[in-house]
Structure formats: C-alpha cells, structure tokens
Amino acid sequence: MQDRPHAEIVRDNLTSIQAHILQEERRHPGASGDFSMIISAISLAGKAIAAKVRRSNLEDVLGAFGTTNVQGEGQQKLDVIANEIIMRCLGDRVSIAVLASEEDEEPTILRRGSEGGKYCVLFDPLDGSSNLDCGVPVGTIFTILRNDPTIKGSVETVCQPGREQIAAGYILYGSATLMVLTTGSGVDLFVLDQSIGSFLLVKRGLRIPRNSKTYSVNEAYSAQFPAGYRAFLDAAKKDGYSSRYIGSMVADVHRTLLNGGVFLYPPTTKQPGGKIRMLYEANPLAFIIEQAGGMAYSGLHRTLDVRPTQLHQRTPVTMGSPEQVDAVLASLRKHGEGA
Ligand code: AHM
Ligand code: MG
C-alpha cells in the first residue's frame, strides 16, 4: 500500500474498535455508552457476515434466493442472511428506536416513546452482492441517526438529510475484513484480526489524496449519461486519467478514499434518478468522503444537504477528491445539467 502522508498510522498500543469508541465517548461528558454498544453490535454483525462471506463458496449460500426485494431486484441468499444477522445483532440494543434496511420494505420500529431509543440505524446489509459469485469485495454500509420521538411515522423519522448523520461506516469483506468509521471528527480505519476476533485501529484521520486522475464509473452506460458527464469523461481521457471499476460501490469508494479520484454513478436513460440509494449508500459514503477531505455531490447539490422524501429514494452520485469532483461539477454546469 502506498504511503499516505496525512493518515496517522497507529504503531503503538493495540486499540480495539470498542476501546476506541469508549475513549471518544469520554471526551463527551454525560455520554451514556449507548453509542459504543451500537458500534459493538455492528462489529459483531460484521464478524458474523465476514465468516459467512468467507465460506460462501463452500456452503450453499451463493446465488439467487428466488425472491425480490422492495425495489424489484433479485435477492441473493447472502443478502438475506446478512440482513438477518444485522437485525439480530442490533435488535436488542435498547438505545435503538428504528432499524431500516435496504432489503426491507418498511423500517422496523424496535421501541418508541417511554421505551427509550435514542438512535436509528440504517444499513445496506451486503452492497455489491451481485458480484458475490466472483469473489469480488462486498460490504455492509451503515449510518446512525438521532431518533426524534416527536415524529410519529418511522419513514419520516429516518428521512433526514445526510448532514444530520452522527456516525457512518462500512465493513468491507475483501482480502482483509476492515471497517471504516466516522463519528464526525475524521475517518478511522480498523482491520479485523481473525486470530483474536477483534477490529483493531490501524489508521487514524484518513485523508483522501488530492488531485488523483482516476475515474470509477460503469462506462458501458455512458451513451445514456447526460452530456455534462460524457464531456467530463472525454476530457479526462485526453488528460491522462486512468479508470478503475469493481461494481461494488463500497469497494469502489474505499479505493477512491485511499487512492483518490472520483466515483460516479450518473443518471441514465434507464434510471433517470440514478441507481444509488440515498439513505443506505450515498449518505453514509458521502459523510465518510467529506470527513476525509473529499466532496460528494448529487447532480449539482451537496449530497448531505438533500432532504430525502422516500425511504428507498435513489440519487446520482459524484464523490471523491475535491479537484476531480470540481471538474465533474464544472462540466455539468457548462452543459446546464444536474441542477
Ligand atoms: P446493490 O445494493 O443491489 O448491490 O446495488 C448497488 C450496486 C453498487 O454497489 C454499485 O456501484 C452498483 O450497484 C453497480 O451497478 P452497475 O452494475 O449498474 O454498474
Ligand atoms: Mg447495495
């Protein structure tokens, strides 16, 4: 891995993710520890899903489940298993009021009012799962929002603009299992040490490299993109850009976070509103990218400022190094698009 001058590589004591969150909480007088209980449940779910993903070629868990999710997409068996694992790991944490999954039609209300529940957790249990049969990295994306007990409906409760997120992260099941987490004061990287079963802090304060000439997009759809995106891609080719595309957003954005460049999923004629889910994918990843010094846009709007109106709302995305995102935005403006 290339040296990252801005990230602080942790070389001294071993710090587990639980210890790291407890230390962070100490800085906030009056913190109840509820938040660390949630992160602990997410890391437990991540370890359980990682074990399933690792054995997926050995057990009969690959392939379609034979059902479709709320968005009409075929569900993979591991999508369903990962969803179930997260619901079970998070379901008994008393500080969680609402759980919402990309795979479920409606949010699950765990407790309301006097029963407690300060937080809502939203997640995509297994992003990129259509690639599972090929052993490509997939991941769990999650975000934590505050629960406003005065709002009655569960959908209205979780339809908050991304800037209201209090934490977001993902667990990437690749050559290593790692977790990237932000609680709004930078981005930290943890790696699962299988031998002791713990996510250990390896880098603090990740910064996205600036001005990295790489784009990541499903370019086969480019004839369907609005002209501003096409013009950016044409100019990038003449400007010596390189291209990388896995097809798992969580893995593509992780590479973009570490190596720089821009990840794009523009509107297409088939999906004029974009493909990426606002609440489960775009917002958490946008929060992480911004916290690492990058930029994230939906058309010409900062992603985190968009107020979602629907639970499974989709959005176009452009996120990554500031210079590359700026170049895309300039091209959209030039073509009068993306407003
Ligand atoms: P999924 O949540 O059903 O896996 O879909 C989201 C994925 C993203 O991870 C990825 O960026 C995109 O779909 C890939 O779409 P395409 O195959 O159109 O390039
Ligand atoms: Mg997904």
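The shown structure was predicted, so the numbers you read here are calculated from the model rather than taken from an experiment. Because only heavy atoms are used, hydrogens play no part in the values below, and waters and symmetry mates are left out as well, while side chains stay in. Both counts, for ligands and for their atoms, begin at 1 and track the order of listing.
Other residues, nucleotides and ligands contribute at most 12 non-hydrogen atoms within 6.0 Å of the NZ atom of Lys334.
In Glu281, the N, O or S atom that comes nearest to the Mg ion (ligand 2) is OE2.
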How far apart are the C-alpha atoms of Asn211 and Gln324, what are their side-chain angles, what is the distance that settles it, and do they pass the side-chain hydrogen bond (donor to acceptor under 3.5 Å, both in side chains) test?
CA-CA 6 Å; Asn211 204 11; Gln324 276 59 49; 3.1 Å; yes
Taking it one step at a time, do Arg146 and Gln165 satisfy side-chain hydrogen bond (donor to acceptor under 3.5 Å, both in side chains)?
CA-CA 8 Å; Arg146 251 177 240 293; Gln165 294 171 99; over 6 Å; no
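Protein residues having a heavy atom under 4.0 Å from any atom of ligand 1 are Glu102, Asp124, Asp127, Gly128, Ser129, Asn218, Tyr221, Tyr245, Gly247, Ser248, Met249, Phe263, Tyr265, Lys275, Arg277, Glu281, listed by chain and number.
Listed for the Thr182 side chain is a donor-acceptor partner under 3.5 Å among the backbone atoms of Gly186.
Here Asp124 contributes OD2 and Asp127 contributes OD1, and at the Mg ion (ligand 2) these two atoms make an angle of 90°, given to 10°.
Between Tyr229 and His335, the ring centre distance reaches or exceeds 6.0 Å. Ring to ring, His20 and Phe190 are close: their centroids are under 6.0 angstrom apart.
Residue Glu290 forms a salt bridge (charged side-chain N to carboxylate O under 4.0 Å, His left out) with just one option from Arg163, Arg207, Arg302, and that option is Arg302.
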